[in-house]
Amino acid sequence: MTGGARLVGEVDVVGAKNSVLKLMAAALLAEGTTTITNCPEILDVPLMGDVLRGLGCEVEIVGDVATITTPAELNHRADFASMSKLRASVCVLGPLVARCRKAVVALPGGDAIGSRPLDMHQAGLRKLGATSGIEHGCVVAEAENLHGAQIWLDFPSVGATENILMAAVLAEGTTLIDNAAREPEIVDLCVMLQQMGAKIEGAGTSTLTVHGVSKLEPTEHRVIGDRIVGATWALAAVATRGDLHIKGVDPHHLDLVLEKLRAAGAEVTLTDEGFRVVQDGRPQAVDFVTLPYPGFATDNQPFAVVLAAVCEGTSMITENVFEARFRFIEEMMRLGADARTDGHHAVVRGVEKLSSAPVWASDIRAGAGLVIAGLVAEGVTEVWDVFHIDRGYPRFVENMQRLGADVQRVSADPER
């Protein structure tokens with residue numbers, strides 16, 4: 001890509017990656033056909049389809065619609081070949097224990113952003129009456145019966161909340177999940193489960209109360225808009241001094257992000273379809289601290305680094321969730337960013353412009369962040385391993401081009 005572009009125009013945000021994959025897993029909880037609409041056309045959706053097919057489901061994905069037919073008898077083994085390609089595949093663990101009373105789930109793959117152990121997932125299942133451990137690279141869980149329990153999470157883990165929730169909906173009695181994750185994607189999952197017949201109270205709060213039922217029914221559900229993609233475009237608008245109308249995502253899911261952009265000097269207005277971000281002149285330095293929702297999402301941290309790199313002044317960025325996310329800063333330094341790290345803090349002194357260089361994308365958000373960085377760098381920047389971007393952003397290059405960026409995808413090789 002060639003730097004110097006100012007992103008201008010409208011961009012549509014489709015369904016949330018961090019929601020759709022869990023909703024697909026939830027389809028395992030009910031025999032019959034579940035339909036999920038507003039699915040993003042990203043690589044991870046068909047990969048999740050492969051995981052479900054391996055468990056005995058029929059899966060059809062056409063455009064933004066996924067149709068999942070779940071049999072009466074599920075295969076309780078999720079093998080390494082399908083599980084190794086995406087982290088979210090671990091969310092089949094809870095549904096399998098609930099439906100089959102046993103599960104053998106290969107440890108998942110996914111982005112290289114740091115340690116993400118499954119201790120809390122397993123501890124929650126044990127509280128519900130299951131045995132659980134790691135054997136030969138797999139999580140192995142089994143239970144004669146699941147029963148309600150009071151479960152406290154040491155950290156409001158999204159994945160642990162989802163797995164425990166999906167096991168608890170078919171357990172006998174009442175389960176309380178304290179210090180539960182509060183993300184909008186958790187609320188979306190709760191809404192779909194309620195449509196299937198689950199009895200859940202407290203969605204969107206730190207305490208979920210689940211009254212177990214004996215059976216769930218299939219449903220049709222529309223995925224919420226992707227707040228991380230919405231934030232990507234919003235931060236890109238400010239970094240490139242652009243003007244973007246971002247549609248299809250609830251701006252209230254991005255309250256803190258938009259507050260930070262206003263502090264940087266952007267004009268942010270809410271619209272009937274989303275929100276508009278306009279940046280005239282060089283943005284001002286802003287500090288960012290990543291925290292569980294409603295805090296600033298760790299997935300947005302790379303875009304915050306890009307913005308800080310071209311702001312006027314010095315920004316402090318603190319990463320409290322994934323320790324390896326700062327490897328992204330090494331690539332930003334190749335592009336001329338004035339940054340240094342100390343533990344889970346990064347100090348970024350803004351420069352007027354970055355300079356082009358070949359850089360490497362280590363994960364989905366790093367890939368998108370490096371493309372945005374290339375837009376504010378002098379010269380031609382190459383970003384390698386952009387297949388990561390395909391896992392989180394539908395038609396990313398086409399959208400960039402339509403908004404005025406000089407970006408070309410040189411190779412379609414999914415391994416490079």
Side-chain angles (χ1 to χ4, degrees), residues 11-30 32-52 57 59-70 86-92 94-95 110 158-159 161-163 165-166 169 181-198 200 203-204 216-234 246-254 273-275 293 297 299-300 364-365 368 389-396 399:
V11 62
D12 290 311
V13 175
V14 294
K17 168 189 179 293
N18 290 336
S19 187
V20 67
L21 305 177
K22 324 304 174 63
L23 300 175
M24 293 175 72
L28 294 169
L29 290 165
T33 300
T34 292
T35 302
I36 302 172
T37 63
N38 197 35
C39 296
E41 295 182 49
I42 57 174
L43 185 58
D44 275 11
V45 171
L47 288 177
M48 191 65 183
D50 290 341
V51 172
L52 298 184
C57 297
V59 182
E60 183 178 16
I61 301 169
V62 179
D64 70 345
V65 179
T67 304
I68 302 162
T69 302
T70 302
L86 73 164
R87 174 72 185 187
S89 58
V90 76
C91 64
V92 303
V158 172
T161 299
E162 290 163 339
N163 261 327
L165 172 65
M166 287 191 280
V169 293
R182 300 165 56 190
E183 276 75 358
E185 295 79 17
I186 296 286
V187 177
D188 200 26
L189 176 60
C190 287
V191 169
M192 177 169 157
L193 292 171
Q194 288 167 332
Q195 291 169 189
M196 297 170 75
I200 303 167
L216 297 179
E217 300 293 337
T219 190
E220 179 173 334
H221 181 77
R222 178 179 174 83
V223 186
I224 60 169
D226 196 318
R227 63 191 171 96
I228 304 300
V229 173
T232 304
W233 292 116
I246 299 158
K247 301 158 63 176
V249 62
D250 186 343
H252 297 297
H253 293 166
L254 293 167
E273 299 170 291
F275 60 98
Y293 189 85
D299 278 358
N300 291 329
I364 297 170
R365 311 306 170 185
I389 298 175
D390 300 334
R391 293 182 43 229
Y393 295 87
R395 299 178 296 281
F396 187 68
N399 279 322

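Keep in mind that what you see is a predicted model, and the values were worked out from it rather than measured. The basis for the numbers below is simple: all heavy atoms, side chains too, and nothing from hydrogens, waters or symmetry mates.
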Nearest non-hydrogen partners of [X] and [Y], listed with the distance:
X: Leu28; Y: Pro95; result: CB-CB, 3.9 Å
X: Phe275; Y: Pro251; result: CD2-CB, 3.9 Å
X: Ile61; Y: Ala66; result: CG1-CB, 4.2 Å
X: Arg365; Y: Gly392; result: NH1-O, 4.5 Å
X: Met24; Y: Val45; result: CE-O, 3.6 Å
X: Ala198; Y: Val169; result: CB-CG1, 3.9 Å

From [X] [atom1] over to [Y] [atom2], what is the distance, rounded to the nearest 0.5 angstrom?
X: Asp50; Y: Asp44; atom1: CG; atom2: CG; result: 11.0 Å
X: Leu165; Y: Ile200; atom1: CG; atom2: CD1; result: 4.5 Å
X: Ser89; Y: Lys22; atom1: OG; atom2: NZ; result: 10.5 Å
X: Ile186; Y: Asn18; atom1: CD1; atom2: CG; result: 10.0 Å
X: Ile246; Y: Leu254; atom1: CD1; atom2: CG; result: 8.5 Å
X: Thr70; Y: Leu29; atom1: OG1; atom2: CG; result: 8.5 Å

Indicate yes or no: at least one non-hydrogen side-chain atom of [X] is less than 4.5 angstrom from one of [Y].
X: Pro184; Y: Asp250; value: no
X: Asp64; Y: Val14; value: no
X: His221; Y: Met196; value: no

What donor-acceptor contacts under 3.5 angstrom involve side-chain atoms of residues 35-42, with partners at least two apart or in another chain?
from	atom 1	to	atom 2	distance (Å)
Asn38	ND2	Val223	O	2.9

Where the side chain of [X] meets the backbone of [Y], is there a donor-acceptor pair that is under 3.5 Å apart?
X: Thr34; Y: Ala27; result: no
X: Glu183; Y: Tyr293; result: yes
X: Asp188; Y: Ile224; result: yes

| side chain to side chain contact (heavy atoms under 4.5 Å, CB included) between Leu189 and Met166: does it pass, once the steps are laid out? | CA-CA 9 Å; Leu189 176 60; Met166 287 191 280; 4.2 Å; yes
| task | Could you check Ile228, Asp299, Asp226, Val229 and say which one makes a side chain to side chain contact (heavy atoms under 4.5 Å, CB included) with Lys17? | result |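 It is Asp226, the one option of Ile228, Asp299, Asp226, Val229 that forms the side chain to side chain contact (heavy atoms under 4.5 Å, CB included) with Lys17.
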| message | Just to verify, what does Thr232 make a side chain to side chain donor-acceptor pair (under 3.5 Å) with, not counting sequence neighbours? | response |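 Thr232 satisfies side chain to side chain donor-acceptor pair (under 3.5 Å) with Tyr393 only.
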| task | Please test Val92 against Met48 for side chain to side chain contact (heavy atoms under 4.5 Å, CB included), starting from the C-alpha separation and ending with a verdict. | result | CA-CA 10 Å; Val92 303; Met48 191 65 183; 3.7 Å; yes
